[in-house]
Amino acid sequence: MSLHAQHFFTDLLDLPVHERRVIGDACYAVVSPDSPLRLRIEFAQTIREREYGGLRLSILHPDRGALDHAYLSFADHSTFAVRDARLGKQPGHDGYGVVRNWHHDDTSPWIGAAVMPLSHAIQDYLKVWTPEPSPPSSADSARRRPAQLDTDPEPPRGCWLTDADFLTRLHQATPLWLDIVDSVLDDGLPLTQALTGSREHAAQLLDIPPAFGLLIEAEAAARIVHAAGLPAGTLRGASVAQGLSHIATLPIEDQHHLVRAAVRGSTIDAPAHLPGQTRPPLLPQPSPARTR
């Protein structure tokens, strides 16, 4: 199993740096355009070969070499808290809070990982060396809202429906939660159970006040039903509940296809008819109207 370093350092980790390059399993970053300092981030190996328990940060100077090192453990920053809780792993258990590349499949170990606390810690670390770091690149800014440091998630200003910044956070949190749902499905839980939980993890993993986690669950549910080509209707109506209940009875691979389509915002017109398979439609179809 590859560590998928490019995906982790480029797409997931939010770094307030001027430029970054991934070489092998390490990331090198230009802290700011007017500073000679460089940041190196590596996966920190445990006492076991090809098992990693966190990130090792180094501040490098072209003339003076390494100026400082820091270690950020996955366990201390709850990177795999959802995964470990799902598997019943606690501190001291084998595999708790670590990532491994012992296998040969191509599944990313970062599916469902909560990297926001790590991003916060790295940003705090960089502020020691660059009191006024340059803002993230325009590409990074387009992907996500800049993270807040050392604060609880900011609540909406006034009515949440009229707070554009808060609505942006809600919409950005939904694909992340769908990624986590996709990972939970691997443990055999039906979709209706895998969807729940954003209320408990909204603040820590999604940068949303816990009271609004239910909105993320609701939007995620509606997206999945829409991806199935089914009418979503209103959230309090029967359409979403009926669609989810039926989707939960499909083979797990079909459920994966629908969740991933929901992340992309696409629609699978006939998710029960995958290549090489023939199955009945998702929901019972109405009988054609009689004619006289």
Side-chain angles (χ1 to χ4, degrees), residues 1-15 22 24-27 39-58 68-126 144 147-153 173 175-189 193-194 196-208 210 213:
M1 179 177 69
S2 168
L3 283 174
H4 292 257
Q6 184 74 40
H7 171 59
F8 177 76
F9 289 122
T10 304
D11 299 328
L12 298 183
L13 209 58
D14 187 14
L15 301 178
V22 178
D25 286 338
C27 176
L39 171 68
R40 180 177 64 206
I41 310 177
E42 305 168 281
F43 297 110
Q45 185 171 304
T46 68
I47 59 174
R48 292 183 176 182
E49 185 179 1
R50 294 189 294 175
E51 179 183 85
Y52 304 88
L55 301 178
R56 180 176 291 108
L57 279 57
S58 301
D68 190 69
H69 301 281
Y71 172 68
L72 306 177
S73 76
F74 295 141
D76 289 345
H77 295 84
S78 303
T79 307
F80 298 105
V82 172
R83 180 202 68 184
D84 291 340
R86 189 174 72 242
L87 299 176
K89 293 184 181 292
Q90 298 179 4
H93 289 182
D94 180 52
Y96 175 81
V98 300
V99 65
R100 295 164 171 169
N101 65 343
W102 292 354
H103 309 292
H104 300 288
D105 58 65
D106 196 41
T107 302
S108 172
W110 308 113
I111 295 177
V115 300
M116 192 176 299
L118 284 174
S119 295
H120 289 186
I122 295 172
Q123 291 179 51
D124 284 342
Y125 180 71
L126 285 178
R144 59 180 65 83
Q148 299 177 40
L149 303 179
D150 299 326
T151 62
D152 291 331
L176 175 59
W177 189 249
L178 285 167
D179 277 338
I180 295 174
V181 170
D182 190 44
S183 176
V184 172
L185 286 174
D186 286 327
D187 293 330
L189 290 178
Q193 294 183 34
T196 63
S198 67
R199 284 160 284 182
E200 289 76 13
H201 301 291
Q204 184 181 38
L205 306 183
L206 306 173
D207 196 28
I208 296 293

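Keep in mind it's a predicted model, so treat the numbers as computed, not measured.
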Exercise. Take L55 and Y71 through the side-chain contact (heavy atoms from CB on, under 4.5 Å) test and state the conclusion after the steps.
Key: CA-CA 6 Å; L55 301 178; Y71 172 68; over 6 Å; no

Quiz item: Looking only at heavy atoms, which two atoms of E49 and Q45 are closest? And how far apart?
Solution: CA-NE2, 3.5 Å

Quiz prompt | Within-4.5 Å side-chain heavy-atom neighbours: F74 and V98 | solution = no

Quiz item: Where do F43 and R56 come nearest, in terms of heavy atoms and distance?
Solution: O-NH1, 4.5 Å

Quiz item: If you round to the nearest 0.5 Å, how far is CG of L57 from NE2 of H69?
Solution: 10.5 Å

Exercise. Flag the pair P109 / H4 as yes when at least one side-chain heavy-atom distance between them is below 4.5 Å, and no otherwise.
Key: yes

Exercise. Look only at the side chain of D25 and the backbone of A5, and say whether a donor-acceptor pair between them is shorter than 3.5 Å.
Key: no

Quiz item: Got I122 and L39 here, is their nearest side-chain heavy-atom distance under 4.5 Å?
Solution: yes

Self-check item: Closest non-hydrogen atom pair between G95 and D84, with its separation
Solution: O-OD1, 4.1 Å

Quiz item: Can you name the nearest heavy-atom pair linking A70 to Y125, along with the distance?
Solution: CB-CE1, 3.7 Å

Quiz prompt | Value rounded to 0.5 Å, distance of NE2 in H120 from CG in L72 | solution = 13.0 Å

Quiz item: Step by step, would you call F8 with V22 a side-chain contact (heavy atoms from CB on, under 4.5 Å)?
Solution: CA-CA 10 Å; F8 177 76; V22 178; over 6 Å; no

Quiz item: Hey, are the side chains of M116 and D14 touching, using non-hydrogen atoms and a 4.5 Å cut-off?
Solution: no

Quiz item: Taking the six-membered ring where the residue is Trp, are the ring centres of Y52 and W110 under 6.0 Å apart?
Solution: no

Self-check item: Minimal non-hydrogen separation, S119 against L13, with atom names
Solution: OG-CD1, 3.5 Å

Exercise. Looking only at non-hydrogen atoms, find the nearest pair between A114 and S78 and report the distance.
Key: CB-O, 3.8 Å

Quiz item: How about F9 and L15: do any of their side-chain heavy atoms sit closer than 4.5 Å?
Solution: no

